[in-house]
2 protein chains.
Amino acid sequence: MGLTKSEIFTVQQNKISLLAKAFAHPARVAILQHLFNIDTCVCGDLVNEIGLAQPTISQHLKELKQLGLIQGNIEGTSVCYCINKENWTNMKETLSPFLNQDLSKKVTCC
Amino acid sequence: MGLTKSEIFTVQQNKISLLAKAFAHPARVAILQHLFNIDTCVCGDLVNEIGLAQPTISQHLKELKQLGLIQGNIEGTSVCYCINKENWTNMKETLSPFLNQDLSKKVTCC
DNA sequence: CATATTAATCGTAATATTGCAATGAACAAA
DNA sequence: TTTGTTCATTGCAATATTACGATTAATATG
């Protein structure tokens with residue numbers, strides 16, 4: 001086994017879990033925070049910033065790019081990464097109904 | 001390898017990634033949604049509701065319980081699960097600064 | 001052209017996660 | 001006590017993820 005049974009869940013449930021997976025590793029959280037903190041796009045200083053090897057960072061960047069949360073273009077010898085604003089907003093709109101489910105009616109009965 | 005290097009990241013980054021991991025599987029998303037949707041606590045109908053075997057559901061419940069997002073008490077032969085309101089609120093407060101980082105200053109420069 | 005720089009990709013090893021059959025523990029009911 | 005019900009735990013197999021050395025590809029620079 002070890003294979004998630006995506007087909008028995010709704011599209012929304014799968015979407016939420018895929019987006020959450022992006023944040024489910026501290027390196028990816030750190031990468032995204034760094035992309036938010038710097039003024040310009042990042043051009044390769046992520047490897048120095050975070051203490052992981054270059055192929056590892058590259059792999060995390062690839063995952064974030066595949067999800068659309070970041071984007072990157074080739075800029076001479078280096079690649080320029082930045083947050084994809086539109087998709088970041090869409091991500092929040094997908095997660096929001098789930099995270100902000102109504103707690104007021106809930107009774108802590110156990 | 002295959003071992004996340006938690007020690008090189010901040011406490012906050014690790015905290016965010018651990019919480020995100022709770023939502024990084026559609027079964028756990030479905031379980032939490034179900035606990036929100038029903039009026040009372042759930043007493044074992046999760047296995048019927050979601051199409052996974054009982055040990056699998058039990059395992060996902062255990063992870064959610066360890067994170068504090070749900071709580072459960074023994075109630076006769078069955079166990080009663082519900083959302084832990086306080087910890088759910090805390091979780092949102094932990095994720096919020098990360099998810100709601102300021103996009104307005106960002107320029108999509110690549 | 002030769003060399004340096006930067007980042008992606010490949011290959012591989014180690015650990016983590018997912019899923020379930022089998023079993024066990026606790027309790028209720030006959 | 002015996003049986004049935006419900007859920008946790010164990011043990012195991014399969015897949016996924018994480019990490020990095022080695023290599024490759026692309027482009028600067030001398």
Side-chain angles (χ1 to χ4, degrees), chain A residues 1-9 13-14 17-31 34-35 40-67 70-82 110, chain B residues 1-9 13-14 17-31 34-35 40-67 70-82 110:
Chain A
M1 315 294 145
L3 175 58
T4 296
K5 290 189 166 177
S6 309
E7 68 278 6
I8 67 171
F9 300 104
Q13 285 161 349
N14 282 307
S17 65
L18 281 177
L19 287 172
K21 221 174 262 185
F23 311 135
H25 193 287
R28 291 192 289 271
V29 171
I31 288 171
H34 187 66
L35 289 183
T40 62
C41 292
V42 83
C43 296
D45 50 2
L46 277 168
V47 177
N48 304 320
E49 198 71 26
I50 303 165
L52 291 172
Q54 180 265 323
T56 309
I57 299 290
S58 190
Q59 196 175 321
H60 284 304
L61 286 168
K62 189 182 177 185
E63 286 168 53
L64 291 172
K65 201 174 176 183
Q66 272 172 345
L67 273 170
I70 65 172
Q71 57 187 271
N73 279 334
I74 295 169
E75 191 114 340
T77 26
S78 60
V79 174
C80 175
Y81 280 110
C82 63
C110 41
Chain B
M1 315 293 148
L3 175 57
T4 296
K5 291 189 167 176
S6 309
E7 68 277 6
I8 67 171
F9 301 103
Q13 285 162 348
N14 282 308
S17 66
L18 281 178
L19 287 173
K21 220 173 263 185
F23 310 135
H25 193 287
R28 290 192 289 271
V29 171
I31 287 171
H34 187 66
L35 290 183
T40 60
C41 293
V42 83
C43 297
D45 49 5
L46 278 168
V47 176
N48 304 320
E49 199 71 25
I50 303 165
L52 291 172
Q54 179 265 322
T56 309
I57 298 290
S58 191
Q59 196 176 320
H60 284 304
L61 286 169
K62 189 182 175 184
E63 285 168 52
L64 291 172
K65 200 174 173 181
Q66 271 171 346
L67 273 171
I70 65 172
Q71 57 187 272
N73 279 333
I74 295 169
E75 190 114 339
T77 25
S78 60
V79 174
C80 174
Y81 280 110
C82 63
C110 40

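In what follows, chains are A, B, ... by sequence order, proteins preceding strands, each numbered from 1.
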- Task: Kindly point out which of C:dC20, D:dT18, C:dT18 is positioned nearest to the side chain of B:T4?
- Result: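 Taking heavy atoms from C-beta onward, the closest nucleotide is D:dT18.
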- Task: Return the nearest nucleotide to the side chain of A:Y81; candidates are D:dA19, C:dA8, C:dA22.
- Result: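 Minimum distance to the A:Y81 side chain belongs to C:dA8.
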Nearest-Å distance, [atom1] ([X]) to [atom2] ([N])?
X: B:L46; N: D:dA8; atom1: CG; atom2: C1'; result: 15 Å
X: A:Q54; N: C:dT9; atom1: CD; atom2: P; result: 11 Å
X: A:L64; N: D:dT17; atom1: CG; atom2: C1'; result: 14 Å
X: A:K62; N: D:dA19; atom1: NZ; atom2: P; result: 16 Å
X: B:E7; N: C:dT15; atom1: CD; atom2: P; result: 14 Å
X: B:D45; N: D:dT5; atom1: CG; atom2: P; result: 17 Å
X: A:I57; N: C:dA7; atom1: CD1; atom2: P; result: 11 Å
X: B:R28; N: C:dA16; atom1: CZ; atom2: C1'; result: 12 Å

Would you say a side-chain N or O of [X] is under 4.0 Å from OP1 or OP2 of [N]?
X: B:H60; N: C:dT17; answer: no
X: A:H25; N: C:dA16; answer: no
X: A:T56; N: D:dC20; answer: yes
X: A:K21; N: D:dT17; answer: yes

- Task: For A:F9 and for A:S58, locate the closest nucleotide of DNA chain C by heavy-atom distance; then report the residue assigned to the nucleotide nearer the 5' terminus.
- Result: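 Its nearest nucleotide being more 5', the pick is A:S58.
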- Nearest-nucleotide comparison on DNA chain C, the residue closer to the 5′ end among A:S6 and A:L61: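 Looking at the nearest nucleotide for each, A:L61 comes out on the 5' side.
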- Query: Per the atom types in the model, does the base of D:dA8 pair as donor or acceptor with the side chain of B:Q59 at under 3.5 Å?
  - Reply: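 In this structure, the two groups form no donor-acceptor pair.
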With a 4.5 Å limit on heavy-atom distance, are the side chains of [X] and [Y] in contact?
X: B:T4; Y: A:P26; result: yes
X: A:L52; Y: A:V47; result: no
X: B:F23; Y: B:L64; result: no
X: A:H34; Y: A:L46; result: yes

- Message: Can you tell me which residue among B:H25, B:K21, B:R28 is in a side chain to side chain donor-acceptor pair (under 3.5 Å) with B:E63?
- Response: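 Passing option: B:R28.
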- Message: Please compare B:P55 and A:G51 by the position of their nearest nucleotide in DNA chain D and report the one closer to 5'.
- Response: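 The residue mapped nearer the 5' terminus is B:P55.
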